[in-house]
Structure formats: C-alpha cells, structure tokens
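First the structure, which I've put down as structure tokens, then a few questions once you've had a look.
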Amino acid sequence: MPNTVSSAPFYALSSALKEAGFTAHSEHIDSVLNGTWTTSSELIAELGQVVLRVRKECKPLSPALRILLKDCMRQVHTVWPGFGWLSWLPF
C-alpha cells in the first residue's frame, strides 16, 4: 500500500510563516491548499514549488521553519521522489 501524504505540515508551515512575518508566502501556501486541482499529485507538486520558493526567498529561516520545510518536502517526495533536488543546491 502506498504511503499517504498529509497536508498538516503545509498548514503548520503556513502558520509559522505568518508568525515570522512572511505573510505573502503564507497566503500563497493557503491559496494552493484551498485551490482546485485535477489530481492530488498536481496539488503536491504545486505545494513543492511553493516550499522551494519559501526556502529561496525567506531569509533568515529559524530552525523551527527549517524543520517544517523538511517535513513538507518529505511529503512531496512521497509522491515525487526526486522533486527539487537540484534546486536545493547552492548557486
């Protein structure tokens, strides 16, 4: 049986980003979570894109936010195993 994906880490990340002052990024996660998607894998890919964007644009990230980002990427990798690997490399 395949592993299931939880939306809880994405909601937690959204809340934590809002508390840290990254309101626009928090709202973007919320809009993706509340959007209409053809498939659940499409939703997870969109959430993955948002998480990568948060990692790139939200500086500095607290240790708690880094943990939430990793939890979210674990959820994404459940559906898309190689998703975002190259984007995690430093420029």
Side-chain angles (χ1 to χ4, degrees):
M1 173 175 267
N3 294 334
T4 59
V5 175
S6 172
S7 60
F10 298 100
Y11 283 109
L13 178 61
S14 176
S15 294
L17 286 169
K18 188 176 286 185
E19 289 175 16
F22 299 111
T23 307
H25 291 84
S26 171
E27 290 172 354
H28 192 184
I29 292 172
D30 289 340
S31 71
V32 170
L33 285 167
N34 295 319
T36 303
W37 305 100
T38 307
T39 64
S40 57
S41 60
E42 180 185 12
L43 167 62
I44 295 302
E46 291 294 327
L47 287 169
Q49 289 292 337
V50 174
V51 170
L52 293 177
R53 185 173 169 195
V54 166
R55 185 184 179 276
K56 181 179 178 183
E57 297 176 3
C58 297
K59 305 282 183 182
L61 289 173
S62 69
L65 278 172
R66 289 177 190 259
I67 290 170
L68 286 170
L69 285 171
K70 287 180 183 180
D71 287 345
C72 289
M73 285 310 291
R74 272 191 215 100
Q75 298 301 312
V76 173
H77 288 151
T78 300
V79 178
W80 301 99
F83 187 90
W85 282 358
L86 295 177
S87 63
W88 288 84
L89 297 175
F91 294 107

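This structure is a prediction, so every number in the text was calculated from the model and none was measured. The figures that follow rest on heavy atoms only: side chains count, while hydrogens, waters and symmetry mates do not.
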Please tabulate, for the side chains in residues 13-24, all donor-acceptor contacts under 3.5 angstrom to protein atoms that are two or more places apart in sequence or on a different chain.
unit_1: Ser14; atom_1: OG; unit_2: Ser26; atom_2: O; d: 3.2
unit_1: Ser14; atom_1: OG; unit_2: Ser26; atom_2: OG; d: 3.0
unit_1: Ser14; atom_1: OG; unit_2: Asp30; atom_2: OD1; d: 2.8
unit_1: Ser14; atom_1: OG; unit_2: Asp30; atom_2: OD2; d: 3.3
unit_1: Ser15; atom_1: OG; unit_2: Tyr11; atom_2: O; d: 3.3

note = All heavy atoms of Lys56 vs all of Lys59, minimum pair found to be O-CE, 3.5 Å
query = Nearest heavy-atom pair of Val32 and Trp37: which atoms, and what distance?
reply = O-NE1, 2.9 Å
Contacts table for residues 42-51: side-chain donor-acceptor under 3.5 angstrom, sequence neighbours left out:
unit_1: Glu42; atom_1: OE1; unit_2: Thr38; atom_2: N; d: 2.9
unit_1: Glu42; atom_1: OE1; unit_2: Thr38; atom_2: OG1; d: 3.4

task = Check the hydrophobic clustering (I, L, V, M, F, W, Y; side-chain heavy atoms under 4.5 Å; chains of links allowed) and say if Ile67 and Val76 are grouped together.
result = no
note = Sequence neighbours excluded, the answer for side-chain contact (heavy atoms from CB on, under 4.5 Å) partners of Ser62 is Ala64, Leu65
Polar side-chain atom of Gln75 near backbone of Ser6 as donor-acceptor pair, under 3.5 Å = yes
ask   = Any idea which heavy atoms bring Pro9 and Cys72 closest together, and the distance?
value = O-SG, 3.4 Å
request  = Go through the structure and list residues passing side-chain contact (heavy atoms from CB on, under 4.5 Å) with Ser41, not counting sequence neighbours.
outcome  = Thr39, Val79, Trp80
query = Considering residues at least two apart in sequence or located in another chain, which fulfil the salt bridge (Lys or Arg N to Asp or Glu O under 4.0 Å) criterion with Arg53?
reply = Glu57
ask   = Who pairs with Arg66 by side-chain contact (heavy atoms from CB on, under 4.5 Å), at least two apart in sequence or on another chain?
value = Leu61
remark   = d(Arg55 CZ, Lys70 NZ) to nearest 0.5 Å is 9.0 Å
